[in-house]
Each structure stands twice: as structure tokens, then as C-alpha cells.
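Following: one structure in C-alpha cells, then a few remarks.
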4 protein chains.
Amino acid sequence: MTDDESSVPRWRRRKQDRPQEIVDAALDVFGERGFAAARLDDVAARAGVSKGTLYLYFPNKEELFKAVVRSAIVPNLEMAERLLAGAEGPSFAVLEALLGLMATRILRTKAGAIPKLIIAEAGNFPDLARFYYEEVIRRAFALLSAVLARGVARGEFRPLDIDATVRLIVAPMLMSALWRSTFEALEGRPLDVPALVRAHLDNLRRALAPDGEGPDGGTGGSAS
Amino acid sequence: MTDDESSVPRWRRRKQDRPQEIVDAALDVFGERGFAAARLDDVAARAGVSKGTLYLYFPNKEELFKAVVRSAIVPNLEMAERLLAGAEGPSFAVLEALLGLMATRILRTKAGAIPKLIIAEAGNFPDLARFYYEEVIRRAFALLSAVLARGVARGEFRPLDIDATVRLIVAPMLMSALWRSTFEALEGRPLDVPALVRAHLDNLRRALAPDGEGPDGGTGGSAS
Amino acid sequence: MTDDESSVPRWRRRKQDRPQEIVDAALDVFGERGFAAARLDDVAARAGVSKGTLYLYFPNKEELFKAVVRSAIVPNLEMAERLLAGAEGPSFAVLEALLGLMATRILRTKAGAIPKLIIAEAGNFPDLARFYYEEVIRRAFALLSAVLARGVARGEFRPLDIDATVRLIVAPMLMSALWRSTFEALEGRPLDVPALVRAHLDNLRRALAPDGEGPDGGTGGSAS
Amino acid sequence: MTDDESSVPRWRRRKQDRPQEIVDAALDVFGERGFAAARLDDVAARAGVSKGTLYLYFPNKEELFKAVVRSAIVPNLEMAERLLAGAEGPSFAVLEALLGLMATRILRTKAGAIPKLIIAEAGNFPDLARFYYEEVIRRAFALLSAVLARGVARGEFRPLDIDATVRLIVAPMLMSALWRSTFEALEGRPLDVPALVRAHLDNLRRALAPDGEGPDGGTGGSAS
DNA sequence: TATGAATGAGACTTCATTCAT
DNA sequence: TATGAATGAAGTCTCATTCAT
């Protein structure tokens, strides 16, 4: 009857943190198992919460999934917007900065699992796919298109198929994120993302340069 | 029209064709829903077969899934091997042929859904992921590495980070496959894969060329 | 194209044997697995016949089961009747002969599995249970009751609770049959049925003897 | 009576009692149908619980079955041990007490269905059969063997084939249990177990008595 | 708020039975 | 007759969701 272990919690869990704790746990579990195979039991356990508690914050599994996606997207959108606002130097330097940032997000955060989840579940959750398409892909494409168009207009880049080039620029970053959540466990070593980005930028510098100009016409900086 | 009960047999014997019919139907359904959300009822219905019949040919859902993956991989491996055997011209032409073939497989066959399935389910089926990694990815990487190394040795390409370059070459093709099975339904128009391949090859021609050489040093051919 | 293996069968399988072959196989499988857990696939395989063939001879699983029970019962009934007809000596000798015969059936034939099947499935097949009850148990009890009554009337046995004594005589034989199909595989050695019968008869000789008479008043023969 | 939707809660919390309630219901259903033919739906219904609830307490049907067997065995083991501990009088009186107790368990408790279940399913659940063999049969045999050996040593019983005699003593009790769960429903009247036990003891008293001693040398008590 | 026991729809899987060959 | 591919009802089991506590 002596309350020798309940009266003084070592740390107080704040109620306002609950939703984020749950979302974080859900990102882990969804990332490991995929949406359908993930059990809410596991999410609850990893969040240190009971199963019923999940339903105090999210009406069902699908909405929790959407919250996971949104919560991982919002910071990226803000990051992109900040970068867009401050982009004033040479166009290639903007590309460098963007790819560097993407690499960092992929390597350092758990958000790298989001593309895999979207790809896997787009067929089952069309509105989620649409949300991601509108809020992430279209915005990112518009941003990159603008950078490329500016570069072409300023004579920094040769004339380009802009839509295709945007995809060509993004593809290796997407692939890196997918690789990490798919095959990295099978290989001994982790994917060397910085080296990949470096090689990618090397290639891009040569590929985008106006004809007749040497590859050294770029900024010369190296990523990361 | 009066013999309404004898003219249409309830089923027909198809021992030879059934497995492939089932695997085809399963590829459709798995491709649309993912492994976990796919119902065997739907697979059976699409194969024009009853649920029980699936179990005459596959011991369970997981093995059916593996058979789907395998059946879509085998032709690709054969394709790659045929291409490897006949590769004797300029190295860049080999790249062109390879990317063209990949584009065709992605556009014309249903195998384009396989990468999405592997990515989505690698966590739940590690041995399937390993199988795919060993049999497809490693082989494809080895093949591309060989082509690049040969190009460098023959002075056709500048010195390269070969591992990274392989990934950079493959990434847009993978992205195309994923795009088609993820977002294409959301956009009005289909992804213009040939244009993407063309732009990719354009870029690669410039990016891989030895320094000091103009972009016209390539073969000049256009894909597809 | 040379018919070197199909034109001259080494032995011809006669059509009229089929039903019995199937019943024999079914007794094996039912005996091992019980009725519900037995698969007709296994019965067919053990009979060297296809699954469909079973249905040429038996309308369904339940009727096959009944045929199995009947086919194992008929010889026993005949045996009992033959024994009943020739019973003329001392009453205890009739008991000895009867128990000896039961022991033989249990040890030498596969019919020992029948009691187990009846016991296990009586709840699911009441009419089968009734059939067994009427045709086997009642007859056997009547036979034994008659022997005991005769013995009492002739002063060979003391006054007895005949119904109870019948059960006491039969119980060890039933137990032996059940033991063989239940626990014998778990023990190193098989149950020594002859020894059990010998001890049983020893006991019975003493237990049935009229009071005041020594145990040596019996026939002194030993079973098996 | 008008508040027809709030007065009856859909379910109540019963964490403490649920397992036993389920095991009791399962004993009923398994006893009636046998393991394979028993439906978990029926078990759940009889326990007043939903199908899913079963899986909160037992991982699958097989484990539920084992729990049923175990739960019916434990009290019997304790009973036997209690009896063994207090056995100090004449050996035959111990036998009388033992058989009386067995008769009570068979008549008054539902555990009488256990032997039938074990016999029916030993082939499908060898480890369960082994468990029963080790924990029940061997112990019971050892106990009875000890009583008999003591009786022989003390001159209360004639020299005996102990192993066989143990089986001869137990057989009628086993048969009674099986009879009750097999044929009793077919007959108008229930099996008169006490009469059977009485006759059994009568016989045993005569059969075990040392030669030259009258049957009146026993304790003279009557069972139940 | 928080819990977790309880629910029940829905999925996979089995297998007795049917029937085209 | 004989076969065995095909069927589909029925059962076990899972897990998102509810709700008494």
C-alpha cells in the first residue's frame, strides 16, 4: 500500500506529445511491415500506449496512416519553401543544395520510408496518393522546373526537356530512399548516398552545360 | 436456347494452362492492391477459377506471390543474357539498347508492377527480397558495371565511379516503372517513357564522354 | 512406342475385389486418424485407386465408414455364433474359448481399431452407434449372459449379478483393443495380451467358483 | 423495460473466470463431438463468448484441447495423491476406496469424457497421448502396483501377475467411463456403476485372496 | 483520458463431393 | 469404369474497432 513507485514519476509524459509519439511509432511499424501488415497492437506497444488510446487521437487505421504521411511531409515542404525563397545564386548551386538536403533527409530521418509506403499503398488509398501527388510531387516538380527554366533562360543550362530532366534529377534520390528501406539490410554495407550524390552532380554538371562549354563551367562545389 | 442446363459445362480441364493463368491474374491483383490487401477470391475470379483451384497449384498465398515474382523475372533475365552475349559495338550503344529494352518491358508488359511489389514486401518476405537481390539486381548491376568498365578501358567514357553510375543509369527506369503503377492513374496523360529515355541518353552521352570531347562523340542514335 | 511395360500386367486386379480393398484401406486410415481427420485422398492412395473411384462404390464418407465397421463386425458375429452353437462342455471352458478368440482377433487382425472408432464417433453417428450396439454389444452380452446363467444353473458358478459380470468379463478385452490402438506405440514393448487373458481367467476361476469350492475346480487350461 | 438498448451490456469483463468457463464449455463440446468435429463456434457459444475471445486465452484449437485435458487431469492426480498418502489400512480397503473414488469421478464429473477424447485423438496428438500416459496412466499404475505388492508382501493377497492385475482392476472403470459417453444415450437406463463396482469388488476379493482362504477374509465393506 | 477485454467481419485454407474426360 | 481437376461450403484464425471499467 505504500506508494513507493507511483508517486514520483521520473519523467512526466505530457499529454500534448501523445499524438506525435503515436505517429512516430506508426511510422516505424508501417515502414517495417507496410500498411496492411502493420498491426495497431504493435504501434500501440511501440508508442508505450494501449490500443484503445490510439482511437482517442485517430479515428481509424487509415487516418493514422495519413497522419504519418502528412507529418513526414510537412517539414519537407517547409524545407523546400525556405530553399526556394532564398535561391538567388547560380542555378546549379541551387540544385546542389536541394540534392544535398534530400540526401540528408533520406539518411538522417525516418521519413525515408514514406516513398515506399506511398508507392505500396497508392492503389488502396487513392486519395492519399492524390494528396501526396498534389502536395509533394507537384510542388517539388514545380520548384525544380523553375530552377531549370531559370538556368536555361540565363544561359547556364543548355535547352532541356524540362519535365524529363526533373525526373532524371529526382530519380536517384528516390531510388536511394527506396534502397535503404528495401535492400540495405541484405548487403553488408550501407548505401553510400553522399558518393552517389557527388557522382550525380558531376554528371549533371556536364549534362546540363550549354554545348561548347566545358564541364568546369559549373560552380565546382562538391556536395556534403 | 432451351437446354439451359447442359450446354455450359461448369468447368473445363486446363491442367497445362492453369498455373500461368493464375499467375497472370495474381500479378494483376497483387499489382493493384499489394500482397496483403489482395484477396485470393479476387485472384480466383480474375483467373476464371474457383478459390479452391488456386490450392491445386500453389500451396498458399505466399508461394503464389513468389511464383508471380519469379515468373516475371525469368524473361527479364533471359533478355539481359541475350543482350550481354551480343554486346560488341560501342559501349554507349549497348547502354542505349539496354535502356530501350527496359523501357519496352516497363511499358508493354505487366512486369512493371514487380518492383513495387518487391519494395513493398521486402520487409515481410526477406527471402524473396534476397532472391530478387541476387537474381536480378546483382546480375543487372554486374552487367552494367561491365559495360561501363569496358567503355572506360576503351577510352569511350571518362573515368567513373562505376557503382554510383550504375545506379544513376538505372534509377530513372525504376522510377518510371514505379510511377506507372502509382501515379499514372491520377494524371490525365501517361508518363512519356520514350521521351524520358531520350533525355536520359542525351544526358548520359554528355556526362560519360571523356573530358575535352564534344557531346557529338556518341553514336548519335535515338532510343526506341 | 514399344509397349514394353503396359501390355502384360504382372497381376490382374479383379474388379470384384475393389470394394474390399477400399474398405481395408479405409480401416487403416480411420484407425490411424479417426473418422473426421481421415482424408479420402489418403484412403484412395492407400487403396491404389483414385479419389473419384471411391464414389463408384460408396455414396459418401459416412457410408464408407459404416461399411468399414460392418465389414469388421460380420466375421466376429459369425465367429461368435459358431462358438455359441458348439458350446456344450463346462461353462468355464466356454468362457476360456471366448476370451481366447477375442484375444486373437485383437492381436492378429486390424479390427481392433473398431472399438476406438465407435467410441470416438458415436456422438456424431448415432445410427452407427445404435447399429453397433444392437448387432455387436447386445448379441455378445446375450451370449455371455447365457453362458453365465447356464453355469449358475448347473452349479458351476456361484450366484452372480449377471449383467455386471458380463461387463467385468469383457472390460479387459476391450481395454486391450483400445490400448493397442492408443498407447502401444508409446511404450517400448507391446501389451502382453495372452498374459493378461491368463491372469483374467485365473481371477475369474476363483471369482465365479461357488463358495466353499477351491479354485482348482476349473478346467485348468491356459489361454492361447 | 423500454430502454432496450442500454440495459444489457454487450459483454462484461471476466478476465479471471473466462479461461475456466471456456475450458468447461470446450470439454462439453469436445466430449460430444470429438476434437475434429467440434466447432469453435459452438465452444464459444456455449461459453457465452464470441469466437475471437477464445483466442485471447488459447492460441489455437489444439492448445485449447490440451488445456481441457490438463484441467480435467489435475484434480484426479491430486485426488490420487491424497489417497496414496493416507493409505495405511488393509490393502483391499485401499482398493475399495480407490475404485469408489473413480466411480464418483466418472458419475459425477464431466471428466468422464476425457478417456474417450484421449483414445480418439492419440494418433493425431502424440504428445498429448504421451502427456496422458506419463502423468495419468503411469502414475495410476504405479499406485495400484504398490498397493498390490504391499498386499502380497503382507500375505493379504495371493502371489499375482501384478502388471496384469492392475489392468484387470482398472478395465471396468475405464469401460464405465467410455460406456457413459458412448452408449448410455441409446439405452433407456443409465449404467449402474455402483452395482458394477460392487460386483467387481466381490470378484476381486475372491480372486485376490490367498489360496485356502475363504472369500470372507476380506473387509466385507461394500462400495459407495 | 486511458485501458484492454471483447467483438465480429473477413480472410486463408481444407477437403468431401462432383463431373468432364 | 476410372480418373483427377475443379468446386464451394465450412472451419480456423486475425485484427481493426468498440466499450465497460
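In what follows, every chain begins at residue 1, and chains take the letters A, B, ... in the order their sequences are listed.
We find that CG of L64(C) is positioned 10 Å from P of dT17(E), with the value rounded to whole Å. Summarising the geometry, the separation between CD1 on I22(B) and C1' on dA6(F) is reported as 11 Å, rounded to the nearest angstrom. Spacing between atom CZ of F58(C) and atom P of dA2(F) amounts to 13 Å, rounded to whole angstrom units. The nearest whole Å value for the distance from the CG atom in D17(B) to the P atom in dA5(F) is 14 Å. One atom, CZ of R18(B), and another, P of dT21(E), lie 12 Å apart when rounded to the nearest Å. What separates CZ of F30(C) from P of dC15(E) is a distance of 13 Å, to the nearest Å. Rounded to whole angstrom, the span from the CG atom of D42(D) across to the P atom of dA10(F) amounts to 13 Å. Distance, E62(D) CD to dC13(F) C1': 14 Å, rounded to whole Å.
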I114(B)/L27(B) under side-chain contact (heavy atoms from CB on, under 4.5 Å): CA gap, chis, key distance, verdict:
CA-CA 8 Å; I114(B) 296 292; L27(B) 175 53; 3.9 Å; yes
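Pair assignment for dA20(F): dT3(E), on the basis of Watson-Crick or G-U wobble contacts that are both within less than 3.5 Å.
Taking only side-chain atoms of R39(A), from C-beta outward, the nucleotide of dA11(E), dA16(F), dA2(F) with the closest atom is dA16(F). Closest to the side chain of Y55(A), from the set dT12(F), dA16(E), dT17(F), is dT17(F). With distances taken from any side-chain atom of T53(A) to the nucleotides dT3(F), dT3(E), dT7(F), the minimum falls on dT3(E). Each of dT17(F), dT3(F), dA5(F) was ranked by its minimum atom distance to the side chain of K51(C); first place goes to dA5(F). Closest contact between the side chain of L40(D) and the listed nucleotides dT3(E), dC13(F), dT17(E) involves dC13(F). Of the candidate nucleotides dC13(F), dT3(E), dT3(F), dT3(E) has the atom nearest to the side chain of L56(A). Ranking dA2(F), dA5(E), dC13(F) by closeness to the Y57(C) side chain, first place goes to dA2(F).
At the heavy-atom level, A38(D) lies under 4.0 Å from the strands shown only through sugar-phosphate atoms. Here A37(B) lies out of heavy-atom contact (under 4.0 Å) with every strand.
Between F30(D) and V69(D), the closest side-chain pair of non-hydrogen atoms is not below 4.5 Å. Counting heavy atoms from C-beta outward, K110(A) and D24(A) have side chains that approach closer than 4.5 Å. In this structure, R18(B) and V49(B) have side chains that are in contact, with non-hydrogen atoms separated by less than 4.5 Å.
Judged by closest nucleotide on DNA chain E, L54(D) is the one of L54(D) and K61(B) placed further toward the 5' end. A residue-by-residue look at G52(B) and G52(D) shows that G52(B) has its nearest nucleotide of DNA chain F further toward the 5' end. Heavy-atom distances to DNA chain F give each of F35(D) and N60(A) a nearest nucleotide, and the one nearer the 5′ end belongs to F35(D).
Using the six-membered ring where Trp is involved, F65(C) and F35(C) have ring planes that are tilted, between 30° and 60° apart.
Comparing dT1(E) with dT21(F), their C1' atoms are spaced 13 Å from each other, to the whole Å.
Annotation: R33(D), atom CZ; neighbour count of heavy atoms from other residues, nucleotides and ligands within 6.0 Å does not exceed 12.
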